[in-house]
Trainee: 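I have a structure I would like to understand better, so I am pasting it below and will then ask my questions one at a time.
What you see is a predicted model; the values in this text were computed from it and never measured.
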Protein chains: 2
Amino acid sequence: MPSEVPAEAPSRGPGRDIPEATVARLPVYLRALTALEERGIGTCSSEDLAAATGVNSAKLRKDLSYLGSYGTRGVGYDVDYLRYQIAREIGVTQDWPVIIVGIGNLGHALANYSGFRSRGFRVVALLDAAPERHREQVAGLPVRPFDELEDIVDQQQVAIGVIATPAVAAQDVADRMVASGITSILNFAPTVLSVPDGVDVRKVDLSIELQILAYHEQRKGAPEEGGQRPSRRAGTAAGVTA
Amino acid sequence: MPSEVPAEAPSRGPGRDIPEATVARLPVYLRALTALEERGIGTCSSEDLAAATGVNSAKLRKDLSYLGSYGTRGVGYDVDYLRYQIAREIGVTQDWPVIIVGIGNLGHALANYSGFRSRGFRVVALLDAAPERHREQVAGLPVRPFDELEDIVDQQQVAIGVIATPAVAAQDVADRMVASGITSILNFAPTVLSVPDGVDVRKVDLSIELQILAYHEQRKGAPEEGGQRPSRRAGTAAGVTA
DNA sequence: AGGAGTTTGTGAACTGGAGAACAAACTGAG
DNA sequence: CTCAGTTTGTTCTCCAGTTCACAAACTCCT
């Protein structure tokens, strides 16, 4: 019997129970607003924002309405004000300390990714189990032994961890992360992690994204011969069925 | 939403109109089946696969039913057979040639990512606009000038391109890709790409994933109050909510 | 001041997908 | 052969999310 979260009052006001689909789009709006602000644009309509983010304008307005009424009818939204409100709702008005475990190719790239720092995150430590990596300095940070995980999480008050290890190590790393107090994990390893309730996991899988593209690509090539689209798959995907 | 799909005949049987949500899960099943096969397991039930992939077993059976009836009632699924059928449906029984544009930190990591080759993709070329990178050799491939894009796409019959450039360059790269015949794009740059109908784009955005985690993390820390501070740690991780 | 023109915020219909439940189809024992 | 046990494929119900459509609220012009 999986005990569900007790139903809270569906308070109409700003701040409670934002749909998951909306939460996933808020960062997109945030980025678009930042871009508008950098271009010196002070006000924008929902149509403008919708065009910039590729979202239906009605959906966008409904998304924003979950945060509150921050627009002005007949005018639109104040870019700076709305940007701040979204940042506050997401929780990125201050930086979150983040650690990265697994400093291979991908870990390297993540450690050097400047988008983290500018968008509410600060990489405070890099960890790797392999001793030969502990001499390296990546993105201005030393690569530290994995055993120091607990200390780092404790001292730096880390709540979010990134796993960029090979698949076999990922579950162990996740377990140690959870045990040390981390409650949100971004997993780049191609494994399904099992974690206790109360811990959030998001997974980014590069080859899955490509495979989804491949599925649609295959469909493009096959169904109709009369299409103007040149079938890009002449020699590779012939009929396979026996 | 400009992507209107022409109404096709809702032909029954395996092969047509698989729901998008199902398509996104097929690669997960594929990977789990490969893992089972490597462990020498010849047959599995929907419950087994569901446990391995973290998916509800009824949902899994429904997903598989879109492909056809590949299971045996009272027995389960033949691992090897089902694995092949899914691979065929996705279109990864042969390798798709892929190019990567933008060989910075992330491009480096992607070029070296072994998961592509083993899962239906073959990186055939790396491109970058910066001349100083053209001397490098990454993952056994030379970094070639971006101007060679058209030739490479044409000669190697490339249908899928990966963009790992900075945000400002991404739209230009996408335009050139589309002009040269690429019809599927995996975009790592933090920009909304606009492409003509018939071209698929999938976006992977690292900081958006982190921001979604941050939102939930913030909620955990201050369930009652609006005070937002990255100071977490409510005790040990197991069983956070009572 | 008043009316025309904009744009937001939201109630209501519509859509797609998730989960429960069950009949059909298979295996194996007696 | 029959019956009990197992597991698939499918139907039905329900819910979250999307989209439409419009009243409310604001600005600007005359």
Trainee: Begin from the C-alpha positions of A:Tyr215 and A:Arg219 and carry the test side-chain hydrogen bond (donor to acceptor under 3.5 Å, both in side chains) through to its verdict.
Mentor: CA-CA 6 Å; A:Tyr215 170 83; A:Arg219 284 295 171 92; 2.9 Å; yes
Trainee: If you take all heavy atoms of A:Trp96 and B:Gln218, which pair is closest and at what distance?
Mentor: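 The pair with the smallest heavy-atom distance is CH2-N, 3.8 Å.
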Trainee: Does the side chain of A:Ser207 come under 3.5 Å of the side chain of B:Arg31 through a donor N or O and an acceptor N or O?
Mentor: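 Short answer, yes.
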Trainee: Donor-acceptor pair, B:Asp48 side chain versus B:Ser45 backbone, under 3.5 Å?
Mentor: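 At least one qualifying donor-acceptor pair exists.
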Trainee: Between P on D:dG9 and OH on B:Tyr70, what's the gap in Å once rounded to a whole number?
Mentor: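 The answer, rounded to whole Å, is 11 Å.
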Trainee: Could you tell me the separation between the CG atom of B:Leu67 and the C1' atom of D:dT8, rounded to a whole number of Å?
Mentor: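 After rounding, the gap between these two atoms is 14 Å.
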Trainee: Base, sugar-phosphate, or nothing: which does A:Glu47 touch, judged by heavy atoms less than 4.0 Å apart?
Mentor: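 No contact at all - A:Glu47 keeps every heavy atom at 4.0 Å or more from the nucleic acid.
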Trainee: Please tell me whether B:Thr53 and B:Arg25 have a donor and an acceptor in their side chains that are separated by less than 3.5 angstrom.
Mentor: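 Result is no, nothing qualifies.
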Trainee: Where the side chain of B:Ser65 is concerned, which of D:dG9, C:dG9, C:dG17 is the nearest nucleotide?
Mentor: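 For B:Ser65, the side-chain atoms sit closest to D:dG9.
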Trainee: OP1 or OP2 of D:dT7 versus the side-chain N and O atoms of B:Ser45: is any pair under 4.0 Å?
Mentor: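 It does not, given that no N or O in the side chain of B:Ser45 lies less than 4.0 Å from OP1 or OP2 of D:dT7.
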Trainee: Between the side chain of A:Glu37 and the main-chain N/O of A:Val79, is any donor-acceptor distance below 3.5 Å?
Mentor: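 Flag not set: sc A:Glu37 to bb A:Val79 has no pair under 3.5 Å.
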Trainee: So do A:Val23 and A:Glu89 actually touch side chain to side chain, heavy atoms under 4.5 Å?
Mentor: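 The answer is no, as the side chains (C-beta and beyond) never meet within the 4.5 Å cut-off.
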Trainee: A:Lys59 side chain N/O closer than 4.0 Å to the phosphate oxygens (OP1, OP2) of D:dT19?
Mentor: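 Looking at the OP1 and OP2 atoms of D:dT19, one of them is under 4.0 Å from a side-chain N or O of A:Lys59.
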Trainee: Please give, in whole Å, the distance from D:dC15 P to A:Asp17 CG?
Mentor: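 In whole Å, D:dC15 P and A:Asp17 CG are 16 Å from each other.
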Trainee: If I take atom CD in residue B:Glu20 and atom P in nucleotide C:dG16, what distance separates them, rounded to the nearest angstrom?
Mentor: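 Rounding to the nearest Å, CD of B:Glu20 and P of C:dG16 are 12 Å apart.
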Trainee: Return a single string for nucleotides 21-30 of chain C, one symbol per nucleotide in 5' to 3' order, where B is base contact, S is sugar-phosphate-only contact and - is none, cutoff 4.0 angstrom on heavy atoms.
Mentor: B--BBBS---
Trainee: More 5' along DNA chain C: A:Leu64 or B:Arg25, using each one's nearest nucleotide?
Mentor: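 Of the two residues, A:Leu64 wins.
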Trainee: Please report the distance, rounded to the nearest Å, between CG in B:Leu26 and C1' in C:dG17.
Mentor: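 For the pair B:Leu26 CG and C:dG17 C1', the rounded distance is 15 Å.
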Trainee: Could you tell me whether the phosphate oxygens of D:dT6, OP1 or OP2, come under 4.0 Å of any side-chain nitrogen or oxygen in B:Tyr77?
Mentor: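 Answer is no, no contact under 4.0 Å.
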Trainee: When the nearest nucleotide of DNA chain D is assigned to A:Lys62 and to B:Lys62 on a heavy-atom basis, which residue is associated with the more 5' position?
Mentor: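 Nearest nucleotide further toward 5': that of B:Lys62.
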Trainee: Measure from the side-chain heavy atoms of A:Asn56 and tell me the nearest of D:dT8, C:dG11, D:dC20.
Mentor: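 The answer is D:dC20, which lies nearest to the side chain.
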Trainee: Measure from CG on B:Asp48 to C1' on D:dT7 and round the result to the nearest Å.
Mentor: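 B:Asp48 atom CG is separated from D:dT7 atom C1' by 11 Å.
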